[in-house]
Amino acid sequence: MEIENNLPKTFNPEGAEDKWYQKWMDTKSFKPKKGKQGETFTILMPPPNVTGKLHMGHALDATTQDALIRFKRMKGFETLWIPGTDHAGISTQAVVEKLIWKQEKKNRHDLGREEFLKRIWAWKEEYGSEIVNQQKKMGVSCDWDYSCFTLDEVPNKAVKKFFVMLFNEGLIYQADYIVNWDPILQSAISDAEVEHKEVKGFFYHLKYKVKEDPNIELIIATTRPETIFADTAVAVNPNDERFKDLIGKTAIVPICNREVPIIGDEHVDIEKGTGCLKVTPGHDFNDFEIGKRNNLPIINILNKDGSFNTNAPEIEGLKPKDARKKVEEILIELGELVEKKDHVHPVGHGQRSDEIVEPMVSKQWFLNTTAMSEVAVKAVENGEMSFFPKGWENTYFAWLRNPKDWCISRQLWWGHQIPVYYCRHCNAKWAAEEAPHECVECKNKDIYQDSDVLDTWFSSGLWPLSTLGWPDEKAMAEKRFDDFYPNATLVTGFDIIFFWVARMMMMGMKVTNQAPFKHVYIHAIVRDKQGRKMSKSLGNGIDPLDMVKQYGADAMRFTLAAGSGYNRDLNLDPERIEGYRNFVNKLWNAFRFIHPYLDKAQDQLPVKSEWHLHDKWILAELNTVAKSMNEALDVYRFDDACSEIYQFVYEKFCSWYIELSKNILYGNDEKAKIIRATMLKYCFRKIVTLLHPIVPFITEEIWGYLENEKSLLINQEYVEFDPSLENAEVQEMMNKFIDVTTGIRNIRSAVNLKPKDEIDVRLFTDDKRLAKFLYESRHFMKDLANVKSGTIRNKSAEKPKRSASFASAHTEIFIPLEGLIDINDQINRIKKDMEKTQAEYKKVEAKLSNANFMNNAPEEVRSEVKEKAQQFQDKLNSLSEILKSFE
RNA sequence: GGGCGUUUAGCUCAGCUGGGAGAGCGCUACCCUUACAAGGUAGAUGUCGGGGGUUCGAUCCCCUCAACGCCCACCA
């Protein structure tokens, strides 16, 4: 009775992936639909850079968010997942600038602002959607109609509206301030964009003469002797006995021989360096503050590209590194260099350019975030928004409880141009949402717009609002702002908690008084298998698309989900993907097994009275899995959800239930066959439903077979816990049955029986329910352990002599094989088992004979321990019985 | 300098409010058994980083030391 099976032996992901993605699109399955929960569930995708190529971080983003949105969709929420891309000011401008240079040997200034921007837009139209296509390969189920680009019209309106609002409140202001200047980008960058790295340098000790008393020489320690050209004071601590008399006198700066005042300032650390500090307000953050306190002049000695200007004539045109060498030479010549020591110290580097940033004074726009930060902190403190895992709120608080004004202007061209206008005629300065034609004050037409653009994060911070149409009323109505704001969950990495999460909170709450999302799930950073960050320079990056090609998107997704819980690192080994590919294939083959019987299966489960014990068992187990998966996914424990379903499918369903089904399906009892086929189909529907959020493609493919493509799995209801399916007793019996079967196999393996060798088995148990269960399952023993015949008796019955044996707490197993087995081997095996059991028994017994334990431990724990002691005791008794049989 | 985190089987990691150490991968032996060799069955492997404390009882709580990682901080 061979049954035809025309399904391929292995699952072919490539065909299924594109086919189902297209089908989901065609059926508009990603669009929000009202569901039984009567609530919306919105996720906002962190917009990848338009210049981006999908990397593992994006793949993880895509997987976790898609799993969530599919899960909630199936649970009956009206789900919306909003995609988009970011203009990524600096990196995009750099990419296109490089390209134009390569092709035409022209820089952006050669082209002019208007033409240059045209080129970037053209580039964006052509290449900017590559990452979107790559995301689709991962199966992301976002509503592409909501797709948005940070420089689109509405986000631009949002930026202008917000800017003007805060400008008019006085929260946005322009100031001469010392900022981090990136000489590569030739732009200011914010504090957050500066990375401090340990750099090897030197400590130079320089001599400064005192004008009033040529005998005194001040020794000043510095790591940057080249900045002496910008010195405008020497400072000492006013409490420093050594120097306090010098305050008010004049020091002479070496090389340039500038006369500068010696001042007292509390900032100077008596212990540090020599206790004397050269003050360079133009190029040092602290010194800038000292300068403000003491009204010192500011000298700028740098050009925008980081080279020295005419204020430092001896080193004009040189870059800092060469300048330092030159200054050192001159100082030696002059005899002003006292000492030069190795010194390692942190130096700020631009996050994007990786170049040493120079503190420089320039006119920039700032946003005062003091009040907004406070509001954002409160929202997390009072639970309006919460982090998963909770620990990340510390990072969030650390940033927001100590807010600094945010430098929001960038000297770039690609971005939202600052909506501030100036009048050449009357010097008026104002902010406006619509480009004005004349001066607000004097009505003169000779006006111009500020040439700077805003920090990219300024528009990113408004993303939850602008993607839903704010501030355009028509767009807001179309996109149903009121229904989808605030978002439910934001999923992102911890590296942008302050760049992005904090700013969305501040800006979102400023506009709406509501946190833009209720939960923030912070996922891990993907690293290589050795825990190193994936980077181009190390060459250890894994391309997700390669993995998708090799193992399928489902395998890739399952791997990432299985590695995502509350961890901060996810060390990815491609072998893991292969492992989960095998799981996906296992699922496929389990389906191949039931496929020929689908015709027999009925749509409804039979009445409970017709359920086989094994049916009750598998449904109870399935129900348990459904419960844990729902709970796990609700709190972003994708790892737990994956391991639950993996375990169930592999062990419970494939290794036992399917194996136990063969006896029935290959047999002659038609009614039993129909019931079993129905059960198998039912289970399979539940399994693919549970798995669908994580591995959407194969599950949709299988669903197509199960339902003859009459419906799509993506639109089905998720499996919920059903109390009526609980059955602790049958689960206990089944576990014991598995113990016994495994015990028999164990003996077979220990005595080297071939799979074909049939055996006679004698079972002894005092558990009457178990005896009945085993009796009813006797036919299955044949399939599972090749048992030809056997008996089930009480433990008190006479045992066969000299058998291969095994004992569990509840059942003794004897396989009479006299003459075929080595008696000493058997005795040794049993003795070893006894020793192990004895040791465990002693541990438990020690507790029971400890009066303190008996007095203090809760009753629950005591009875549990007693129970265990009894089980070990039973097993020991059985083992010694077995030993007796060899006498 | 301040803060956070990690340390559990060869590798990657899970262990919730303290109560007999887990998973996947890898490894060993035997099997091409009619869903699956991308498979099956059986199996081995841990002083839970070191030390101290609290407790009847600690992988879990407290202290301390060590190693590693990350973030913040004004480059004397």
Side-chain angles (χ1 to χ4, degrees), chain A residues 1-3 5 7 9-11 196 199 201 203-205 220-224 227 235 267-269 272-278 283-289 343 345-348 356 359 391-392 394-395 398-399 402 494-495 497-498 525 529-531 551 562-563 565-573 575-576 578-596 637 639-640 642-643 646-647 654-655 658-659 662 666 742 745-746 748-750 752-756 783 785-786 840 843-844 847 850-858 860-862 864-865 868 872:
Chain A
M1 48 122 245
E2 196 50 52
I3 286 168
N5 206 333
L7 296 177
K9 258 192 173 186
T10 52
F11 174 62
H196 290 271
V199 165
F203 230 147
Y204 300 84
H205 285 205
I220 293 182
T222 179
T223 55
R224 302 202 58 190
T227 62
H267 166 75
V268 180
D269 187 334
K272 224 166 170 181
T274 59
C276 288
L277 183 66
K278 67 194 266 306
H283 298 287
D284 184 285
F285 288 94
N286 293 313
D287 295 4
F288 182 79
E289 295 298 324
H343 182 56
H345 57 110
V347 176
I356 293 177
W392 287 113
N394 290 328
T395 305
W399 179 255
N402 186 18
F494 62 78
D495 47 339
I497 288 178
F498 17 83
I525 297 276
K529 63 186 264 196
Q530 285 145 35
Y551 302 116
Y566 292 170
N567 47 325
R568 58 175 62 199
D569 295 315
L570 198 174
N571 297 357
L572 186 68
D573 182 346
E575 275 187 37
R576 305 288 306 247
E578 187 181 341
Y580 289 122
R581 188 272 317 264
N582 295 350
F583 171 69
V584 168
N585 192 52
K586 181 82 180 176
L587 183 71
W588 177 250
N589 274 292
F591 176 68
R592 271 184 83 222
F593 171 77
I594 71 160
H595 181 244
R637 288 302 304 248
D639 51 350
D640 288 347
C642 286
S643 84
Y646 184 100
Q647 207 68 25
C654 289
S655 293
I658 285 190
E659 292 306 324
K662 288 178 177 173
Y666 297 165
T742 309
R745 287 168 171 174
N746 187 316
R748 294 185 62 108
S749 171
N752 285 320
L753 284 178
K754 297 282 173 212
K756 281 176 195 136
D783 305 301
N786 206 5
E840 292 189 271
K843 248 194 260 172
V844 187
K847 278 192 177 179
N850 180 342
N852 283 326
F853 173 78
M854 295 308 282
N855 289 335
N856 293 313
E860 216 181 278
V861 175
R862 286 203 311 261
E864 212 174 289
V865 172
K868 266 171 213 156
F872 289 136

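Because the structure is predicted, anything quoted here is derived from the model rather than measured. Chain letters run A, B, ... following the sequence lines, proteins first and then strands; every chain starts at 1.
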Handout entry: Length of the line joining A:E578:CD and B:rG26:C1', which is rounded to integer Å
Key = 12 Å
Problem - Distance test, side-chain N/O of A:K662 to OP1/OP2 of B:rA35, below 4.0 Å - result: yes
Practice task
Indicate whether OP1 or OP2 belonging to B:rC75 is found under 4.0 Å from a side-chain N or O atom of A:R224.
Solution key: no
Problem - Shortest side-chain distance from A:H196, nucleotide among B:rC74, B:rU12, B:rA35 - result: B:rC74
Exercise for the section: Please identify each residue that fulfils salt bridge (Lys or Arg N to Asp or Glu O under 4.0 Å) with A:R224, with sequence neighbours left out. Expected result: A:E226, A:E358
Exercise for the section: Round to the nearest Å and state the distance from A:N402 atom CG to B:rG1 atom C1'. Expected result: 15 Å
Handout entry: Under-4.0 Å side-chain N/O to phosphate OP1/OP2 contact, A:N856 with B:rC56
Key = yes
Exercise for the section: Please report, rounded to the nearest Å, how far the P atom of B:rC70 is from the CG atom of A:N394. Expected result: 19 Å
Problem - Integer angstrom distance from the P of B:rU33 to that of B:rG40 - result: 14 Å
Exercise for the section: Look at all strands and tell whether A:V584 reaches a base, only sugar-phosphate, or nothing, counting heavy atoms closer than 4.0 Å. Expected result: nothing
Problem - Atom P, compared across B:rG69 and B:rC74: separation rounded to whole Å - result: 23 Å
Exercise for the section: Look at A:R637 and B:rC13 and indicate whether a side-chain polar atom (N or O) is within less than 4.0 Å of OP1 or OP2. Expected result: no
Practice task
Measure from the side-chain N and O atoms of A:N786 to the backbone N and O of A:K756, and report whether any donor-acceptor pair falls under 3.5 Å.
Solution key: yes
Practice task
Could you check how far CZ of A:R748 sits from C1' of B:rU33, rounded to whole Å?
Solution key: 11 Å
Handout entry: Shortest side-chain distance from A:I356, nucleotide among B:rC75, B:rA14, B:rG20
Key = B:rC75
Exercise for the section: Would you mind classifying the nucleic acid contact of A:T10 as base, sugar-phosphate or nothing, using non-hydrogen atoms under 4.0 angstrom? Expected result: base
Handout entry: Sugar-phosphate, base or nothing in reach of A:V844, heavy atoms under 4.0 Å
Key = nothing
Problem - side-chain N/O A:Y566 vs B:rG5 OP1/OP2, d < 4.0 Å - result: no
Practice task
Look at all strands and tell whether A:T274 reaches a base, only sugar-phosphate, or nothing, counting heavy atoms closer than 4.0 Å.
Solution key: nothing
Handout entry: Short side-chain N/O contact from A:S655 to OP1 or OP2 of B:rU41, under 4.0 Å
Key = yes
Practice task
Return the value, rounded to whole Å, for the distance between atom CZ of A:F583 and atom P of B:rG24.
Solution key: 12 Å
Handout entry: Between B:rU47 and B:rG5 - P atom distance, rounded Å
Key = 27 Å
Handout entry: Among B:rC36, B:rC75, B:rA42, the nucleotide that comes nearest once only the side chain of A:S749 is considered
Key = B:rA42
Practice task
Select base, sugar-phosphate, or nothing to describe what A:A221 touches, counting heavy atoms under 4.0 Å on all strands.
Solution key: sugar-phosphate
Handout entry: Intra- and inter-strand pairs of RNA chain B in dot-bracket (Watson-Crick or G-U wobble, both distances under 3.5 Å; | for another strand)
Key = (((((((..((((.....[..)))).(((((.......))))).....(((((..]....))))))))))))....
Exercise for the section: Between B:rC27 and B:rG20, how far apart are the C1' atoms? Round to whole Å, please. Expected result: 27 Å
Exercise for the section: Using the P atoms only, state how far B:rC48 lies from B:rA21, rounded to an integer number of Å. Expected result: 11 Å
Handout entry: Distance test, side-chain N/O of A:K9 to OP1/OP2 of B:rA37, below 4.0 Å
Key = yes
Practice task
Determine the contact category for A:Y646: base if any of its heavy atoms lies under 4.0 Å from a base atom, sugar-phosphate if only primed atoms, P, OP1 or OP2 are that close, otherwise nothing.
Solution key: sugar-phosphate
Handout entry: Partners meeting salt bridge (Lys or Arg N to Asp or Glu O under 4.0 Å) with A:E575 (sequence neighbours left out)
Key = none
Practice task
Find out whether A:W392 and A:I497 are in side-chain contact, i.e. whether some heavy atom of one side chain is under 4.5 Å from a heavy atom of the other.
Solution key: yes
Exercise for the section: Look only at the side chain of A:H283 and the backbone of A:P359, and say whether a donor-acceptor pair between them is shorter than 3.5 Å. Expected result: yes
Problem - Flag side-chain contact, heavy atom, 4.5 Å: A:R592 against A:K9 - result: yes
Problem - Contact nearer the 5' end of RNA chain B, comparing A:E575 with A:G275 - result: A:E575
Practice task
Tell whether A:R745 reaches the base of B:rA42 with its side chain through a donor-acceptor pair below 3.5 angstrom.
Solution key: no
Problem - Whether A:Y580 and A:Y646 hold their rings parallel, tilted or perpendicular, with breakpoints at 30° and 60° - result: perpendicular
Completion exercise
Closest to the side chain of A:F498, out of B:rC13, B:rG20, B:rC71, is B:rC71
Practice task
Side-chain contact test, heavy atoms from C-beta onward, threshold under 4.5 Å: evaluate it for A:D783 versus A:Y666 and give yes or no.
Solution key: no
Exercise for the section: Indicate, with a heavy-atom threshold strictly under 4.0 Å, whether A:H283 touches base, sugar-phosphate, or nothing. Expected result: nothing
Handout entry: Whether A:N589 side chain and A:N585 backbone form a donor-acceptor pair below 3.5 Å
Key = yes
Practice task
Between B:rC56, B:rG24, B:rA35, spot the one nearest the side chain of A:A590, thanks.
Solution key: B:rA35
Practice task
Under 4.0 Å between any heavy atoms, over every strand shown, what does A:N746 touch: base, sugar-phosphate, or nothing? Just pick one.
Solution key: sugar-phosphate
Problem - A:W588 side chain reached by A:L7 side chain, heavy atoms, under 4.5 Å - result: yes
Problem - Options B:rC75, B:rG19, B:rU41, nucleotide nearest the side-chain atoms of A:T223 - result: B:rC75
Problem - Whether A:H345 and A:H343 hold their rings parallel, tilted or perpendicular, with breakpoints at 30° and 60° - result: parallel
Completion exercise
Side-chain contact check for A:A857: nearest option of B:rA35, B:rA23, B:rC56 is B:rC56
Exercise for the section: Would you classify A:R862 as touching base, sugar-phosphate or nothing, given that sugar-phosphate means primed atoms plus P, OP1 and OP2, and contacts are heavy atoms under 4.0 Å? Expected result: nothing
Practice task
Identify which nucleotide among B:rC31, B:rC74, B:rC75 has an atom closest to any side-chain atom of A:H345, counting heavy atoms from C-beta outward.
Solution key: B:rC75
Exercise for the section: Under 4.0 Å between any heavy atoms, over every strand shown, what does A:R576 touch: base, sugar-phosphate, or nothing? Just pick one. Expected result: base
Handout entry: P gap between B:rU7 and B:rU34, integer Å
Key = 45 Å
Exercise for the section: Starting from P on B:rC11, measure out to CG on A:L572 and report it in whole angstrom. Expected result: 18 Å
Completion exercise
Among B:rC36, B:rA23, B:rC71, the one nearest any side-chain atom of A:K586 is B:rC36
Problem - Steps toward side-chain contact (heavy atoms from CB on, under 4.5 Å) verdict (A:F11, A:L587) - result: CA-CA 9 Å; A:F11 174 62; A:L587 183 71; over 6 Å; no
Problem - Nearest-angstrom distance from the residue atom CG of A:N567 to C1' of B:rG69 - result: 15 Å
Exercise for the section: Find the distance A:W392:CH2 to B:rC70:P and express it as a whole number of Å. Expected result: 12 Å
Handout entry: Side chain of A:F285 (C-beta onward), nearest among B:rC74, B:rG19, B:rC36
Key = B:rC74
Problem - Closest-nucleotide 5' rank along RNA chain B - winner of A:V268 and A:N850 - result: A:N850
Exercise for the section: Answer yes or no: does a side-chain N or O of A:N582 lie under 4.0 Å from OP1 or OP2 of B:rC36? Expected result: no
Problem - P gap between B:rA29 and B:rA44, integer Å - result: 15 Å
Problem - Nearest-angstrom distance, C1' atom, B:rC60 to B:rG15 - result: 9 Å
